[in-house]
Amino acid sequence: MSRPVRPGRPGRPVPRTYWVAGTAVLLALLFAAAATVAAANGGGDSTGSGTPSRTEPRTPGLRSPDAGFARDMAVHHQQAVEMSFIVRDRTQDEAVRTLAYDIANTQANQRGMLLGWLDLWGLPKVVADEPPMSWMGASGGHGGHGAHEAGAGSGALMPGMATREELDRLGAASGRDAEVLFLQLMTDHHKGGVAMAEGCAQQCETPVEKALAQGMVDAQRSELTLMADMLKQRGAAPRG
């Protein structure tokens with residue numbers, strides 16, 4: 001039986017890992033559409049007289065886990081998209097470029113959903129006095145969730161995020177060096193993202209957001225396995 005091929009990439013087999021990530025994105029899009037429709041309809045079934053038959057769902061509060069996760073993960077995803085675009089121009093390796101394409105496409109779509117929900121809830125995308133990860137409470141400290149430790153001002157604000165210096169190094173590298181550094185940075189990034197998404201899956205109250213968070217956990221764990229294999233093929237290993 002022939003293997004499926006990626007649209008726009010004739011003849012190229014699609015690894016199982018990418019189907020897992022793609023399925024998570026598709027389900028998240030469907031969940032987002034359903035949530036938007038439900039919100040537009042007032043959160044309940046109509047009785048035919050325009051009156052909802054059930055109580056409207058509670059809109060998340062400004063500092064709720066639902067809102068905090070949406071704000072923080074949108075920022076976290078933006079850096080993953082940035083790193084993916086950087087490495088795309090620093091190597092000709094098809095496997096790395098394909099992975100970068102998938103990560104950028106997946107996380108850009110998810111970021112759009114997270115920001116869209118904040119708009120739907122009437123909540124700001126940035127809260128000036130809100131420390132990153134504060135929505136996770138006492139368990140949301142950097143060290144407890146696999147954050148990459150760095151000095152003050154380095155830009156490592158959330159678990160797994162690369163510093164500005166590391167992004168500059170990635171932009172200056174090429175070939176195998178760029179591939180290895182990208183895979184190592186993205187491995188750290190995914191580990192931090194998984195910890196954040198697990199936090200939302202446990203604490204968030206909005207069903208569609210909890211479902212998206214669990215989809216992130218499943219897809220990024222699958223990509224972590226793939227990246228470990230890709231590093232091994234290049235004679236390297238994840239950091240730490």
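- Residue Trp121 is grouped with residue Val75 when hydrophobic side chains (ILVMFWY) are merged at heavy-atom distances under 4.5 angstrom, including chains of intermediate members.
- To the nearest 0.5 Å, the span separating CE on Met230 from CG on Leu99 amounts to 5.0 Å.
- Distance check: Met113 CE to Leu120 CG gives 13.5 Å after rounding to the nearest 0.5 Å.
- Here the CG atom belonging to Leu183 is positioned 11.5 Å from the CZ atom belonging to Arg239, to the nearest 0.5 angstrom.
- The two residues Leu167 and Ala162 have their closest heavy-atom pair at CD2-CB, 4.0 Å.
- The one candidate from Arg111, Arg164, Arg88 that meets the salt bridge (Lys or Arg N to Asp or Glu O under 4.0 Å) condition with Glu82 is Arg164.
- In summary, Asp66 and Arg58 do not engage in a salt bridge, as defined by a charged side-chain N under 4.0 Å from a carboxylate O.
- Nearest approach of His190 to Glu223, heavy atoms of both residues: NE2-OE1, 2.6 Å.
- To the nearest 0.5 angstrom, Met227 atom CE is 8.0 Å from Gln220 atom CD.
- A donor and an acceptor atom, one from each side chain of Asp218 and Gln214, are located under 3.5 Å apart.
- Within the 3.5 Å criterion, the main-chain N or O of Ala173 finds a donor-acceptor partner in the side chain of Arg90.
- When all heavy atoms of Thr206 and Pro60 are compared, the closest pair comes out as OG1-CG, 3.6 Å.
- Heavy atoms only, all atoms of each residue included: Thr187 and Pro238 are closest at CG2-CB, 4.1 Å.
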Show, in sequence, the C-alpha distance, side-chain angles and deciding distance for His77 and Thr106, and conclude whether the side-chain contact (heavy atoms from CB on, under 4.5 Å) test is met. CA-CA 9 Å; His77 273 15; Thr106 299; over 6 Å; no
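- Considering only residues two or more places apart in sequence or on other chains, Glu209 meets the side chain to side chain donor-acceptor pair (under 3.5 Å) condition with none of them.
- Ring-plane geometry between His76 and His189 is classed as tilted, the angle between the planes lying from 30 to 60 degrees on a 0 to 90 degree scale.
- Side-chain heavy atoms closer than 4.5 Å link hydrophobic residues (I, L, V, M, F, W, Y) into clusters, and following such links, even through other members, never connects Val87 to Val81.
- Smallest separation of non-hydrogen atoms from Ala67 and Leu118: O-CD2, 4.0 Å.
- One distance of note links CH2 of Trp117 with CG of Leu123; it measures 13.5 Å at 0.5 Å rounding.
- Atom CZ of Phe182 is separated from atom OG of Ser84 by 4.0 Å, given to the nearest 0.5 angstrom.
- Here the side chains of Met158 and Gln79 are not in contact, with every heavy-atom distance at 4.5 Å or above.
- In this structure, Ser134 and Arg63 have side chains that are not in contact, with every pair of non-hydrogen atoms separated by 4.5 Å or more.
- Salt-bridge annotation for Arg97 and Asp93: absent, with no side-chain N of the basic residue lying under 4.0 Å from a carboxylate O of the acidic one.
- Between the side chain of Arg176 and the backbone N or O of Arg234, at least one donor-acceptor pair lies under 3.5 Å.
- Across every non-hydrogen atom of Ala197 and Met73, the tightest pair is N-CE, 4.0 Å.
- When side chains are defined from C-beta on, Pro124 counts as touching Leu62, because their heavy atoms get closer than 4.5 Å.
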